[in-house]
There are 2 protein chains.
Amino acid sequence: MNQSLICPRFEKAMNILSKRWTGLIIYQLLSGPQRFCNIESAIGISGRLLSERLKDLESEGIVKREVFPETPVRIEYSLTEKGRSLEPLMKEIEKWSQTWLEPENSKE
Amino acid sequence: MNQSLICPRFEKAMNILSKRWTGLIIYQLLSGPQRFCNIESAIGISGRLLSERLKDLESEGIVKREVFPETPVRIEYSLTEKGRSLEPLMKEIEKWSQTWLEPENSKE
DNA sequence: TCAGTTAGTTACTATATGTAAGTAATTATA
DNA sequence: TATAATTACTTACATATAGTAACTAACTGA
């Protein structure tokens with residue numbers, strides 16, 4: 001057997017990144033802090049899942065939630081340093097997708 | 001509204017990569033062509049899902065399946081050029097995980 | 001003939017995701 | 001004052017995906 005077991009940190013990273021929507025949320029937040037409903041409509045996720053994912057990402061220290069007690073209250077989500085450090089990775093995905101994928105309109 | 005909608009190619013890439021197990025399978029295949037049961041035990045996926053994922057990845061042109069009509073038959077899975085081109089991306093994930101994650105033993 | 005191996009498939013249960021409607025706090029409008 | 005609108009959620013429920021375990025086909029070796 002030549003299998004070397006996979007590194008637990010790599011596996012953990014994959015667990016985070018391979019959850020549906022996580023990547024798109026991080027990518028979307030790279031363009032700057034923004035509100036719940038903005039992310040929601042930009043990537044086409046439902047409120048239910050966005051709420052869930054943002055909590056996950058917050059607990060991973062990747063996303064920061066800030067409440068501005070204005071009127072009406074404004075809540076902004078942004079990337080932490082840990083979150084912003086995923087930018088090179090996102091750029092790699094972008095690069096790969098530009099080189100190897102055709103845009104698809106239909107639901108394959 | 002400042003949302004710029006997300007690029008369809010990027011979204012497609014994310015759809016592939018954010019399916020559970022896909023990343024680990026590709027990562028595992030970066031170490032060279034290997035058999036079904038080797039991948040299975042290296043990453044801890046079940047046969048049912050590995051079979052499903054390998055079919056998906058084959059149809060995306062990322063993985064190649066080769067049958068060697070030896071006895072007993074040997075079936076090897078390997079990355080295509082498109083698949084190997086994901087290496088820099090995998091290295092980025094590895095790098096990020098080394099820098100930002102603690103290995104976890106418990107089920108968080 | 002019986003057990004073992006590889007590469008799966010099938011059947012079933014558990015978990016995750018999608019959809020739609022509901023809620024709380026607040027402001028704006030009739 | 002009542003009604004509607006907005007934001008950031010939550011709840012309830014249906015459907016899809018994942019996990020587990022047992023089974024199968026083709027073959028070998030004892």
Side-chain angles (χ1 to χ4, degrees), chain A residues 1-3 6 11-12 14-26 28-29 32-60 63-79 106-108, chain B residues 1-3 6 11-12 14-26 28-29 32-60 63-79 106-108:
Chain A
M1 288 279 161
N2 68 328
Q3 83 232 23
I6 272 173
E11 212 174 330
K12 172 97 195 282
M14 270 299 178
N15 279 346
I16 298 171
L17 266 3
S18 78
K19 262 197 166 167
R20 184 146 201 214
W21 299 111
T22 308
L24 288 177
I25 292 169
I26 294 168
Q28 178 64 23
L29 286 175
Q34 53 203 281
R35 308 177 73 160
F36 192 92
C37 69
N38 191 65
I39 307 173
E40 196 175 7
S41 56
I43 69 179
I45 191 179
S46 71
R48 186 192 155 294
L49 280 183
L50 181 54
S51 169
E52 199 175 300
R53 285 296 180 277
L54 286 170
K55 273 180 204 152
D56 293 349
L57 289 170
E58 210 188 334
S59 80
E60 290 293 346
V63 161
K64 191 175 56 173
R65 180 181 191 268
E66 266 184 300
V67 181
F68 297 88
E70 300 168 0
T71 202
V73 67
R74 181 164 53 99
I75 292 165
E76 269 195 359
Y77 293 92
S78 57
L79 294 175
S106 59
K107 304 266 169 209
E108 29 184 305
Chain B
M1 290 279 160
N2 66 327
Q3 82 233 23
I6 273 173
E11 212 174 331
K12 172 94 196 283
M14 272 298 179
N15 279 347
I16 297 171
L17 267 3
S18 79
K19 261 197 168 168
R20 184 144 201 215
W21 300 112
T22 309
L24 288 177
I25 293 168
I26 294 168
Q28 178 64 23
L29 286 176
Q34 54 203 280
R35 308 176 73 160
F36 191 93
C37 68
N38 191 65
I39 306 173
E40 198 175 4
S41 55
I43 69 178
I45 191 181
S46 71
R48 186 192 155 294
L49 280 183
L50 181 53
S51 168
E52 197 175 300
R53 286 296 180 276
L54 286 171
K55 273 179 204 153
D56 293 349
L57 289 170
E58 211 189 332
S59 80
E60 290 292 347
V63 161
K64 191 175 56 175
R65 180 183 192 267
E66 265 183 300
V67 181
F68 297 88
E70 299 167 3
T71 200
V73 68
R74 180 163 55 97
I75 292 165
E76 270 195 359
Y77 292 92
S78 57
L79 294 174
S106 59
K107 304 268 169 209
E108 34 179 305

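Atom set for the values below is all heavy atoms of this structure, side chains included, hydrogens, waters and symmetry mates excluded. Note that this is a predicted model, so its numbers are computed, not measured. Note on naming: letters A, B, ... go to the chains in the order of the sequence lines (proteins, then strands), and numbering restarts at 1 for each one.
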State whether the side chain of A:Gln28 and the backbone N or O of A:Asn38 hold a donor-acceptor pair below 3.5 Å, judged by distance alone.
no
A side-chain contact here means heavy atoms from C-beta on lying under 4.5 Å apart; do A:Leu50 and A:Phe36 qualify?
yes
Side-chain N,O (A:Trp21) to OP1/OP2 (C:dG18) below 4.0 Å
yes
Looking at A:Arg35, does any N or O in its side chain come under 4.0 Å of the phosphate oxygens OP1/OP2 on D:dA8?
yes
Can you check whether B:Arg53 has a side-chain N or O nearer than 4.0 Å to OP1 or OP2 of D:dA18?
yes
Using a cut-off of 4.0 Å between protein heavy atoms and nucleotide atoms, how would you tag nucleotides 8-14 of chain C 5' to 3' with B, S and -?
SBBB---
Write out a two-atom table: protein N or O, nucleotide N or O from nucleotides 27-30 of chain D, distance below 3.5 Å.
| from | atom 1 | to | atom 2 | distance (Å) |
| --- | --- | --- | --- | --- |
| D:dC27 | O3' | B:Thr71 | OG1 | 2.9 |
| D:dT28 | OP1 | B:Thr71 | OG1 | 2.8 |

All salt bridge (charged side-chain N to carboxylate O under 4.0 Å, His left out) counterparts of A:Glu58, not counting sequence neighbours:
none
When you measure from the side chain of B:Cys37, which nucleotide among C:dG18, D:dA18, C:dA7 comes out closest?
C:dA7
How far apart are the closest heavy atoms of A:Arg35 and A:Val73, and which atoms are they?
NH2-O, 3.5 Å
For atom CD1 of B:Ile45 and atom P of D:dT20, their distance in whole Å
11 Å
Would you say the side chain of A:Asn15 lies within less than 4.5 Å of the side chain of B:Arg20, judging by non-hydrogen atoms?
yes
